[in-house]
Asks: 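What follows is a structure written as structure tokens; I'll ask about it next.
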2 protein chains.
Amino acid sequence: MKTRRDVFQAIADPTRRAILTLIALQSLTPNAIADQFDSSRQAISKHIQILAECQLVSQQTIGREIYYQLNPTKMKEVSDWLAPFQKLWEDRYNRLDNVLSNLKNKENGKSEN
Amino acid sequence: MKTRRDVFQAIADPTRRAILTLIALQSLTPNAIADQFDSSRQAISKHIQILAECQLVSQQTIGREIYYQLNPTKMKEVSDWLAPFQKLWEDRYNRLDNVLSNLKNKENGKSEN
DNA sequence: TATTTGCGCAACCAAATAATTGCATATATA
DNA sequence: TATATATGCAATTATTTGGTTGCGCAAATA
């Protein structure tokens with residue numbers, strides 16, 4: 001198994017994103033989490049495992065219950081990857097348009113489709 | 001095909017993230033993009049298609065070449081999802097710890113594993 | 001102690017994904 | 001016009017994924 005288990009792959013699934021949102025408010029057990037979804041306990045448990053593997057959640061055992069909590073630090077990794085792009089969507093006059101204009105100028109008079 | 005094609009799923013793949021980084025600097029053709037990777041042109045082309053499907057990139061045809069450019073606005077969607085979590089990783093005294101402490105207090109004297 | 005509950009683990013299955021190969025089409029170029 | 005180039009599209013395949021079912025174990029409860 002290669003099992004590329006990184007943060008980006010983990011948050012690709014909508015159920016897992018919902019789980020993260022859910023436990024951001026408070027730590028919950030697998031059963032408590034599963035109650036919030038239509039999926040089975042085992043299905044949710046697998047999602048939690050994936051989140052745990054890439055350290056998006058941590059766990060704390062109390063008796064026979066396991067409370068899963070969000071690890072916000074790991075969430076930050078996604079934000080860090082996005083940061084360089086941020087100025088692009090903030091700046092309406094970004095340079096991407098200019099690059100394309102230049103390319104079109106080079107083609108000037110050749111084809112106009 | 002169900003084909004859940006959203007931004008989160010699109011950026012889950014490391015090659016696609018690399019493509020986004022690449023074209024953030026300047027618009028490029030599929031061949032120019034493929035040159036930067038070990039993957040075949042078709043493989044890259046498929047990744048570009050996926051990025052285009054969820055509007056992370058837009059295209060502009062010039063002659064027989066197609067220039068793909070980043071659509072930063074769509075990137076922002078990921079950032080928007082992350083925003084609510086931001087204060088959690090910025091605040092070292094976040095309330096998640098408190099929630100867990102409360103749960104442990106309820107269990108006080110019962111089990112201590 | 002006997003039973004119920006909470007949970008993880010392993011096997012299995014259908015669907016989705018990533019990549020390859022081959023082909024078609026439109027635009028350049030000789 | 002004939003050929004080369006840039007690209008998309010379709011079919012195929014191996015791998016990954018998300019989910020189910022069944023089991024076992026430890027902790028709580030009757």
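Within every chain, numbering begins at 1; the chains are lettered A, B, ... in the order of the sequence lines, protein sequences first and strands thereafter.
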Asks: Using side-chain heavy atoms (C-beta onward) and a distance below 4.5 Å, is Phe8(B) in contact with Phe8(A)?
Replies: no
Asks: Could you tell me whether the phosphate oxygens of dA18(C), OP1 or OP2, come under 4.0 Å of any side-chain nitrogen or oxygen in Arg16(B)?
Replies: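 Yes.
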Asks: Not counting sequence neighbours, which residues clear side-chain hydrogen bond (donor to acceptor under 3.5 Å, both in side chains) with Gln86(B)? List them please.
Replies: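 Counting only residues at least two positions away or on another chain, Gln86(B) forms a side-chain hydrogen bond (donor to acceptor under 3.5 Å, both in side chains) with Glu90(B).
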Asks: Run the numbers on Gln69(B) and Tyr67(B) for side chain to side chain donor-acceptor pair (under 3.5 Å), then give the verdict.
Replies: CA-CA 6 Å; Gln69(B) 64 184 309; Tyr67(B) 287 85; over 6 Å; no
Asks: Tell me what Ile33(B) touches on the nucleic acid: a base, only sugar-phosphate, or nothing, going by heavy atoms under 4.0 Å.
Replies: nothing
Asks: Could you go through Asp6(B) and Arg17(A), starting from their C-alpha distance and side-chain angles, then the distance that decides it, and tell me whether this counts as salt bridge (charged side-chain N to carboxylate O under 4.0 Å, His left out)?
Replies: CA-CA 13 Å; Asp6(B) 61 23; Arg17(A) 288 200 300 280; 3.6 Å; yes
Asks: For nucleotides 4-10 of chain C, just jot down a letter per nucleotide in 5' to 3' order: B, S or -, based on protein non-hydrogen atoms under 4.0 Å.
Replies: -BSBBB-
Asks: Of all the nucleotides listed (dG19(D), dT20(C), dA18(C)), which has the minimum atom distance to the side chain of Asp13(B)?
Replies: dA18(C)
Asks: So does His47(B) get a side-chain nitrogen or oxygen closer than 4.0 Å to the phosphate oxygens (OP1/OP2) of dT17(C)?
Replies: no
Asks: When you measure from the side-chain N and O atoms of Gln9(B) to the phosphate of dT17(C), is any distance below 4.0 Å, counting only OP1 and OP2?
Replies: yes
Asks: Is there a path of hydrophobic side-chain contacts, each under 4.5 Å between heavy atoms of I/L/V/M/F/W/Y residues, joining Val7(A) to Trp81(A)?
Replies: yes
Asks: Any side-chain N or O of Ser40(A) below 4.0 angstrom from OP1/OP2 of dG19(D)?
Replies: no
Asks: Sequence neighbours excluded, which residues qualify as side-chain hydrogen bond (donor to acceptor under 3.5 Å, both in side chains) partners of Asp38(B)?
Replies: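 Partners of Asp38(B) by the side-chain hydrogen bond (donor to acceptor under 3.5 Å, both in side chains) criterion come out as none, since no residue qualifies.
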Asks: Please give, in whole Å, the distance from dC9(D) P to Ile44(B) CD1?
Replies: 17 Å
